[in-house]
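Heads up, the thing below is written out as structure tokens.
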Amino acid sequence: MLVGAILTNGLATDANIGAGLGPGPRDGLMTGLARRGHSLRLVQDPARGVGPRPGVGLGGSVGIGILAYAPAIGPLVHFFLPRLTLPAPATPPPTEQGTP
């Protein structure tokens, strides 16, 4: 179930970003860095690995889920995002002013 959940989350993340629905804060940082020429896989891994630290600092725990999720989600996003990104809509031709 854990592997299925990680795969599903990778697909859901990429479907959300690829559809142009807007990334969340962590994914926005990742996509912004990727637009500047960095590998999605390389910028995603640190963002996901740093995320649990405040929770642990507040008394939370780190289990097998986060240990499997953190290194897996970067490569999944890197693989699925280009395949799930919709093409940008074509802009309509300009219309002449005053034409009914």
Name all residues meeting the side chain to side chain contact (heavy atoms under 4.5 Å, CB included) criterion together with [X]; count only those two or more places apart in sequence or in a different chain, and write none if there are none.
| X | value |
| --- | --- |
| Leu58 | none |
| Ala68 | Leu2, Ile6 |
| Val62 | Val56, Ile66, Leu67 |

Specify the closest pair of heavy atoms between Pro71 and Pro75, including all atoms of both residues, with the distance to one decimal.
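Closest heavy-atom pair between Pro71 and Pro75: O-CD, 3.2 Å.
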Quick one: side chains of residues 79-89, donor-acceptor pairs under 3.5 Å with protein atoms, not counting sequence neighbours, listed by atom name and distance.
unit_1 : atom_1 : unit_2 : atom_2 : d
Arg83  : NH1    : Phe79  : O      : 2.5
Thr85  : OG1    : Leu81  : O      : 2.6

